[in-house]
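One structure is given below, encoded as structure tokens.
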Amino acid sequence: VKTVKQRVVLEILLDAGIRAFKCATVRELTAILEAGRSLGCEADLDVLLAYPLRGPALGVFIEAQDDSPARLRTLADDPAHLTTLLGWLPPAAVLLDIDVGMGRTGSAMAEWSAFAADRAEQVPFAELGGLHAYEGHVRDATDPALPAIYESLARFATAHLRHREQLVVTSGTPACLVAAADPHLAAGPFQHQVSPGTLVLSDLRSAPIARALGVRPAAFVASTVVHRGRGRCTLDAGSKALGADGPGPHAEPFPPLPIEIATPSEEHLPVRATGATEDAPLPAAGTLVLLVPSHVCTTVNLHDRAVWYAGGRIVGDGPIDARGHDLWRPSTSPSQ
Ligand SMILES: Cc1ncc(COP(=O)(O)O)c(C=O)c1O
């Protein structure tokens, strides 16, 4: 959900029969539940809000858990957070977040094991919803670190989980095919799921895996040439229109043009003719240039609305429903 953030795309995924979703914010949770409700399949949804929820965001999740017929789960970041969550949620709604080396959220397996040994009576690991391990620090699918991560994760999961209702959720786009084929994760008593997001719309970063699966980029930034100089021009898609996190170039023209994209400023994207020859063919001022972003998730989040294009024509436009974040909402606010 974090990649598309639009009800209309979520409805396409639901129409295709997908019922398991992962999201990162309460707005995204609301968008997928509303999409399910409007298509009459909310009760079949299985949604993981994969974020260490605290304060008001946790309050919103608890309300949704009470109000929605969907199966909702979230992550426990560390033992203290797990204890807080279990005061509000059934154990089956909670997955242990395992830090497998990214150093972002979750706790190491050793820390969870020590807690399990200490508190076996009070904290029923065998009744939890499962485990979550996001190996987003490994961006190369051929990295030998991946099989080692999966093997130790599967060993930990087999020691603590008991049945197929319990999930082991790993992997964004770069590692998802390796994880999905991993024999250790396939062999446990639990159910292994991967959770690619970027791949749903695809972008420059995810191009190799998209090509391997035969999917094409589905989201473009429509920019206009606002300045034409000698051997260069400037598009109106700067870092306020094009996600500019990570290394550049932050976009590529579609279809390809003989140009190099330079570093964007806020409202401008300078472009040089390849080889910088002064008379190289460049689009004239006023030309529309479609760009495939290097990171589609942050790009989608920058826009209020999207234009939808299908079958060679524009078929409508609508809001990016779940972009941004809610302000603090006065609701139940557990302290952790
Ligand atoms: C916890 C988690 N799961 C899944 C994903 C999806 O990864 P990707 O965007 O590479 O598909 C992300 C991406 O940030 C993430 O943080």
Side-chain angles (χ1 to χ4, degrees), residues 1-6 9-10 13 18 20-29 31-32 46-54 57 61 72-78 81 94-107 129-143 145-146 149-150 153 167-180 182 185 192-213 215-219 243-247 250 292-302 320 322-325:
V1 182
K2 62 105 185 172
T3 299
V4 305
K5 288 182 175 276
Q6 289 158 85
V9 184
L10 296 175
L13 297 174
I18 294 173
F21 290 83
K22 189 188 214 184
C23 60
T25 70
V26 293
R27 281 198 178 179
E28 293 165 7
L29 174 67
I32 182 59
D46 202 333
V47 185
L48 173 60
L49 204 174
Y51 204 81
L53 297 175
R54 299 179 190 264
F61 182 83
L72 306 186
R73 297 183 246 222
T74 189
L75 304 184
D77 191 43
D78 57 28
H81 191 225
V94 181
L95 276 65
L96 304 184
D97 192 11
I98 303 199
D99 180 4
V100 286
M102 191 172 187
R104 188 179 70 173
T105 60
S107 301
L131 310 176
H132 174 264
Y134 179 61
E135 70 290 44
H137 58 299
V138 187
R139 303 206 66 83
D140 174 1
T142 63
D143 192 320
L146 287 177
I149 289 173
Y150 301 144
L153 180 64
L167 304 179
V168 173
V169 181
T170 66
S171 315
T173 298
C176 70
L177 295 184
V178 181
D182 186 81
L185 290 172
H192 174 223
Q193 293 183 351
V194 292
S195 53
T198 304
L199 191 59
V200 179
L201 295 176
S202 182
D203 56 16
L204 298 184
R205 285 183 184 188
S206 57
I209 191 159
R211 265 197 303 274
L213 291 171
V215 300
R216 288 174 295 155
D245 52 327
H250 297 298
V292 181
S294 73
H295 192 189
V296 70
C297 311
T298 47
T299 300
V300 166
N301 191 57
L302 290 170
I320 312 286
R323 71 175 293 226
H325 292 276

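Start at 1 and go down the list; that is how both ligands and their atoms are numbered. Worth knowing before you read on, the calculation uses all heavy atoms, side chains too, and leaves out hydrogens, waters and symmetry mates.
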Practice task
Evaluate the side chain to side chain contact (heavy atoms under 4.5 Å, CB included) criterion for residues T170 and L153: first the C-alpha distance (whole Å), next the side-chain angles of each, then the deciding distance (0.1 Å), finally the verdict.
Solution key: CA-CA 10 Å; T170 66; L153 180 64; 3.6 Å; yes
Handout entry: Sub-4.0 Å heavy-atom environment of ligand 1, residues by chain
Key = K2, K22, R104, H132, Y134, G172, T173, P174, S195, P196, G197, T198
Handout entry: T3 vs V300, side chain to side chain contact (heavy atoms under 4.5 Å, CB included): CA-CA, chis, key distance, verdict
Key = CA-CA 7 Å; T3 299; V300 166; 5.6 Å; no
Handout entry: All salt bridge (Lys or Arg N to Asp or Glu O under 4.0 Å) counterparts of E28, not counting sequence neighbours
Key = K5
Practice task
Enter the distance from R323:CZ to R27:CZ here, rounded to the nearest 0.5 Å.
Solution key: 8.5 Å
Handout entry: Residue list, side-chain contact (heavy atoms from CB on, under 4.5 Å) with S195, at least two apart or on another chain
Key = K22, V169
Handout entry: Listed partners of D99 passing salt bridge (Lys or Arg N to Asp or Glu O under 4.0 Å), at least two apart
Key = none
